[in-house]
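Structure record follows, encoded as structure tokens.
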2 protein chains.
Amino acid sequence: MNAEAQIKKGRKFDQVIEGARSVFMREGYEGASVDEIARDAGVSKATLYSYFPDKQHLFLAVLETECAQQAEVEFLEDTGDLTVEETLHVICKTLITFILSRFGQDMFRVCVAEAQRFPELGRAFYDSGPKKWGRKIALYLETSKAQRTLCIDDSLLAADQLAQLCRADLMLKVLFGIQNNPTEDEIDRVAAEAVKTFLARYRRP
Amino acid sequence: MNAEAQIKKGRKFDQVIEGARSVFMREGYEGASVDEIARDAGVSKATLYSYFPDKQHLFLAVLETECAQQAEVEFLEDTGDLTVEETLHVICKTLITFILSRFGQDMFRVCVAEAQRFPELGRAFYDSGPKKWGRKIALYLETSKAQRTLCIDDSLLAADQLAQLCRADLMLKVLFGIQNNPTEDEIDRVAAEAVKTFLARYRRP
DNA sequence: CCGAAACTGAACCGAATGGTTTACGTTGCG
DNA sequence: CGCAACGTAAACCATTCGGTTCAGTTTCGG
């Protein structure tokens, strides 16, 4: 018996998900047509409907896998011999790069657009994205090494402030099409400024 | 001759815009049907189409007026005898309240969703929203009164960092339906924390 | 190499879409 | 009043939508 849960029958399951993913991300929920998805997936509509009862379930299945994928993004496991400041900088760069990535932007866009129509989607995205990052950062802030340098009473809020500082300048510009491909230098600068502001507030005196 | 530019003919023009506004904000662009808009506006479809050549132009006309309205939101004109810290707190509270308002959330949602399909919309929203706020805050940071207390080299980035700190905790929770009606106390706390972090970085030593 | 399961392609359905037109009221100003 | 502009309701159009059906082909394990 295969270890992978193969309850979902059929060989072309992944094709369907992948086609649906690309069309939904490009067109949004209402803008995507099932015919286009089937065409894009290289699959007949009948096959598609043998996997999913309707468009809605297909949409949610896609975003389920996307949220799962989003939840698995990691920043540097071991902080090694980096200083706290250096570690924070790495964390910020990783977060900013993720936020500005095609994947991050598409996910954000679609989930913002459809969070009203699909309330459970809103929560799923928030949990696997912003909340997860907040938790991870807060966890680092509570390590004994960080505690030796920092003085924080509410580590979750502090983590969220840091994450929010990472969105300064670039995030909205990219989201609304004002800027397209931020250079690594720009990302580095925003990260540096975020860390600077964060440490000014939370560095142990 | 009337001072108001009355190029747009017809008495029910405003009704149409208002109906379109409410339906578009509720359903998004693709989700909104012209029939529903006409019904909601209390107007026949023929009348609607006598004002606008098609759905797209109607959509853009609605968001044009919304962006204009968004651009006119003001925070405390004269800072009076408030300290810089108090003024920043007022600015933050005003911004947070706006961001979390029904209007602010709906605008953000729709513009994020359709910025791909309508690139000019993305820019219009950014200019009349985030950019305008950034400019206003930066302008205050550059007043001689603020300069006496603060030490800032890049006032636009500083302003954006402050605005971004205002989005900590509550903004994404509301956007994704995790939280519904933040109390004034919660808003006050986020504002206070934003100012605290901001001043830690930028207060003149 | 057989047979069942998976898949295909295209036709088909009813409903709804954006958009147009027609034939008929209503309003208000000179 | 008279008349033109404004507005209406409803029928109408072609197209597209999500979803179903089915006869036929491909795939693949036993």
Side-chain angles (χ1 to χ4, degrees), chain A residues 1-63 110 113-114 116-118 121, chain B residues 1-63 110 113-114 116-118 121:
Chain A
M1 186 180 292
N2 203 329
E4 298 153 19
Q6 203 66 20
I7 296 173
K8 317 277 186 161
K9 53 197 170 180
R11 328 155 231 164
K12 311 220 166 173
F13 187 85
D14 293 346
Q15 277 183 48
V16 173
I17 290 281
E18 171 50 30
R21 193 196 63 81
S22 92
V23 177
F24 278 133
M25 289 297 179
R26 194 185 337 123
E27 311 279 354
Y29 179 74
E30 294 280 359
S33 87
V34 177
D35 288 83
E36 192 182 356
I37 292 173
R39 204 181 318 124
D40 202 287
V43 145
S44 77
K45 255 211 298 183
T47 301
L48 189 157
Y49 273 103
S50 79
Y51 291 146
F52 303 97
D54 54 35
K55 189 187 182 185
Q56 214 176 107
H57 284 78
L58 174 56
F59 180 68
L60 292 176
V62 166
L63 289 167
V110 172
E114 310 299 342
Q116 304 263 56
R117 209 188 310 266
F118 303 101
L121 166 64
Chain B
M1 187 180 291
N2 202 331
E4 299 154 19
Q6 203 67 20
I7 297 172
K8 316 276 186 161
K9 52 197 171 180
R11 330 156 229 167
K12 311 223 165 171
F13 187 84
D14 292 345
Q15 277 182 47
V16 173
I17 290 279
E18 170 52 28
R21 193 196 62 83
S22 91
V23 177
F24 278 133
M25 290 296 180
R26 192 182 340 122
E27 311 279 354
Y29 179 74
E30 295 279 359
S33 87
V34 177
D35 290 82
E36 191 183 356
I37 291 174
R39 205 181 317 126
D40 202 286
V43 144
S44 78
K45 259 212 294 184
T47 300
L48 188 155
Y49 274 104
S50 80
Y51 291 145
F52 302 96
D54 53 34
K55 189 187 182 184
Q56 210 176 112
H57 283 79
L58 174 56
F59 180 68
L60 291 175
V62 165
L63 289 168
V110 172
E114 309 300 341
Q116 304 262 56
R117 209 187 310 267
F118 303 102
L121 166 63

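Here is how names work: the chains are called A, B, and so on, in the same order as the sequence lines, proteins then strands, and each is numbered from 1.
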Euclidean distance, atom OH of residue A:Y51 to atom C1' of C:dT8 [Å, nearest integer]: 12 Å

Spacing of B:Y29 atom OH relative to C:dT17 atom P, expressed in whole Å: 14 Å

Spacing between A:D14 atom CG and C:dC7 atom P, to the nearest angstrom: 11 Å

Residue B:S33, side-chain heavy atoms: nucleotide from C:dT17, D:dT27, D:dG19 that is nearest: C:dT17

For atom CZ of A:F13 and atom P of D:dT27, their distance in whole Å: 21 Å

Residues from residues 42-49 of chain A lying under 4.0 Å of DNA chain C - heavy atoms: A:G42, A:V43, A:S44, A:A46, A:T47

A:F59 side chain near A:L121 side chain, heavy-atom distance below 4.5 Å: yes

Touch class at under 4.0 angstrom, heavy-atom based, for A:A38 against every strand present: nothing

B:K55 side chain to B:A32 backbone, donor-acceptor under 3.5 Å: yes

Carboxylate-amine/guanidinium proximity below 4.0 Å for B:R39 and B:E36: no

side-chain N/O A:K55 vs D:dG18 OP1/OP2, d < 4.0 Å: yes

B:D54 side chain vs B:H57 backbone, donor-acceptor pair below 3.5 Å: yes

For atom CD of B:Q56 and atom P of C:dG18, their distance in whole Å: 13 Å

Gap between atoms CG and C1', on A:D54 and C:dA15 respectively (whole Å): 16 Å

Separation of C:dA10 P from A:R39 CZ (nearest whole Å): 12 Å

Nearest atoms (heavy-atom pairs only) where A:D40 meets A:S22: OD1-OG, 3.3 Å

Parallel, tilted or perpendicular, as decided by the 30° and 60° cut-offs, for the rings of A:F24 and A:Y29: parallel

Distance, rounded to the nearest Å, where A:E30 contributes CD and D:dT16 contributes P: 17 Å

Within-4.5 Å side-chain heavy-atom neighbours: A:F52 and A:I17: yes

